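The next block holds one structure in the form of structure tokens; read it before the comments.
Remember, predicted model here, so these are calculated numbers, not experimental data.
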Amino acid sequence: MDFNRKHNYLWQAGWNGRSGGYLVLYQGGTKPSGYRSYCTKCGQKNYTSVAETGNRCGVCNEEARIDFSKPLIQIFSYPGREVDMGEDFEDWSLYELKQRTEPVQEFDQLADDIVEEALHIDSEHTVEQRAIYKPITELVLA
């Protein structure tokens, strides 16, 4: 999501509630994932380098593992972490207050944009019921 990337994942917008019922502002960040290589055939990630253990994948058994060109990052969030609930803003400078309110204002704009897009979809589209059949392949004795 652009909002999360823009804030280097320190602030993240996400869905919460039953069936993703409402938009939430989370705190979070990034950290190294620890993965050093992956298989180009099946996508399996590995904590060892190809130089250490070779390029054979332990899952699909293909010689298709390669090292990541740059360290893979893992994005994390702190669900349920309160943001400034007990904070006394009296000693904050005007600059600090502005820095703290900017992500909240951008989050508020994101919520407005989502509502606007939902209204647009509602006005331009209808919901239809369709039966979609998917072929199933089974192995049987002949």
Side-chain angles (χ1 to χ4, degrees), residues 1-89 92-142:
M1 182 181 278
D2 291 340
F3 178 88
N4 300 353
R5 254 189 315 278
K6 178 178 180 184
H7 293 282
N8 202 25
Y9 302 97
L10 297 174
W11 295 105
Q12 301 171 24
W15 297 103
N16 204 354
R18 291 182 187 258
S19 303
Y22 54 94
L23 193 63
V24 179
L25 182 62
Y26 293 111
Q27 288 185 10
T30 60
K31 61 184 178 182
S33 70
Y35 290 118
R36 298 179 60 199
S37 63
Y38 67 98
C39 177
T40 59
K41 295 287 184 186
C42 72
Q44 174 72 22
K45 296 179 192 129
N46 198 297
Y47 290 108
T48 61
S49 169
V50 171
E52 296 170 302
T53 56
N55 67 343
R56 184 169 299 280
C57 177
V59 174
C60 69
N61 209 30
E62 295 285 333
E63 291 190 4
R65 278 184 51 228
I66 61 172
D67 287 336
F68 284 104
S69 58
K70 61 181 183 177
L72 192 63
I73 63 163
Q74 179 180 355
I75 301 164
F76 66 90
S77 63
Y78 299 106
R81 178 186 262 188
E82 296 178 347
V83 178
D84 298 339
M85 294 302 286
E87 193 67 47
D88 182 6
F89 298 102
W92 286 40
S93 70
L94 198 54
Y95 175 78
E96 291 170 316
L97 289 169
K98 185 176 185 302
Q99 291 296 109
R100 189 54 134 200
T101 57
E102 281 178 359
V104 176
Q105 289 171 328
E106 291 173 20
F107 175 78
D108 188 48
Q109 183 61 55
L110 173 64
D112 290 345
D113 292 346
I114 290 169
V115 169
E116 186 178 320
E117 185 64 25
L119 291 171
H120 172 74
I121 289 169
D122 180 61
S123 68
E124 298 293 322
H125 301 279
T126 59
V127 176
E128 298 175 352
Q129 185 172 347
R130 290 186 188 161
I132 299 173
Y133 299 99
K134 297 180 182 180
I136 297 173
T137 304
E138 295 180 341
L139 298 176
V140 296
L141 293 176

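Of the possible polar contacts, none joining the Asn55 side chain to the Val50 backbone as a donor-acceptor pair under 3.5 Å is found.
In this structure, Thr30 and Phe76 approach most closely via the heavy-atom pair N-CE2, 3.4 Å. The shortest non-hydrogen separation linking Asp67 to Ala51 is OD2-N, 4.3 Å.
Among pairs with a residue in residues 44-65, those fulfilling ring-ring contact (aromatic ring centres under 6.0 Å, His included) read Tyr35-Tyr47, at least two apart in sequence or across chains. Pairs passing the side chain to side chain donor-acceptor pair (under 3.5 Å) check and including a residue from residues 73-83, sequence neighbours excluded, read Gln27-Arg81. Residues in residues 99-111 take part in these side chain to side chain donor-acceptor pair (under 3.5 Å) pairs, two or more places apart or across chains: Lys6-Glu106, His7-Glu106, Asp84-Arg100, Lys98-Glu102, Gln109-Asp113. Counting only residues at least two apart or in different chains, salt bridge (Lys or Arg N to Asp or Glu O under 4.0 Å) contacts with residues 11-26 are absent. Here ring-ring contact (aromatic ring centres under 6.0 Å, His included) pairs that include residues 102-126, with residues two or more places apart or in two chains, number zero. The salt bridge (Lys or Arg N to Asp or Glu O under 4.0 Å) analysis of residues 22-47, with sequence neighbours excluded, yields the pairs Arg36-Glu52.
Residues passing the salt bridge (Lys or Arg N to Asp or Glu O under 4.0 Å) test with Glu63, sequence neighbours excluded: Arg56. Shown here are the side-chain contact (heavy atoms from CB on, under 4.5 Å) partners of Asn46, two or more places apart in sequence or in another chain: Ser37, Thr48, Arg65. For Arg5, the side-chain contact (heavy atoms from CB on, under 4.5 Å) partners at least two apart in sequence or on another chain are Asp2, Tyr9. Every residue two or more places apart in sequence or in another chain that forms a side-chain contact (heavy atoms from CB on, under 4.5 Å) with Ser93 is listed here: Tyr95, Glu96. By the side-chain contact (heavy atoms from CB on, under 4.5 Å) test, Val104 is found to be paired with Leu25, residues two or more places apart in sequence or in another chain being considered.
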Could you pull out every donor-acceptor pair under 3.5 Å between side chains of residues 128-142 and any protein atom, sequence neighbours left out?
unit_1	atom_1	unit_2	atom_2	d
Glu128	OE1	Arg130	NH2	3.3

Just do the side-chain contact (heavy atoms from CB on, under 4.5 Å) check on Trp11 and Asn4 with the steps written out, would you?
-> CA-CA 6 Å; Trp11 295 105; Asn4 300 353; over 6 Å; no
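Crowding of Ile121 atom CD1: a count of heavy atoms from other residues, nucleotides or ligands under 6.0 Å exceeding 12.
Rounding to the nearest 0.5 angstrom, the gap separating the CD atom in Glu62 from the SG atom in Cys39 is 7.5 Å. Here the CD1-CG distance, from Ile75 to Asn8, works out to 9.5 Å after rounding to the nearest 0.5 Å.
Taking the side chain as every heavy atom from C-beta outward, Trp15 and Leu23 approach each other to under 4.5 Å.
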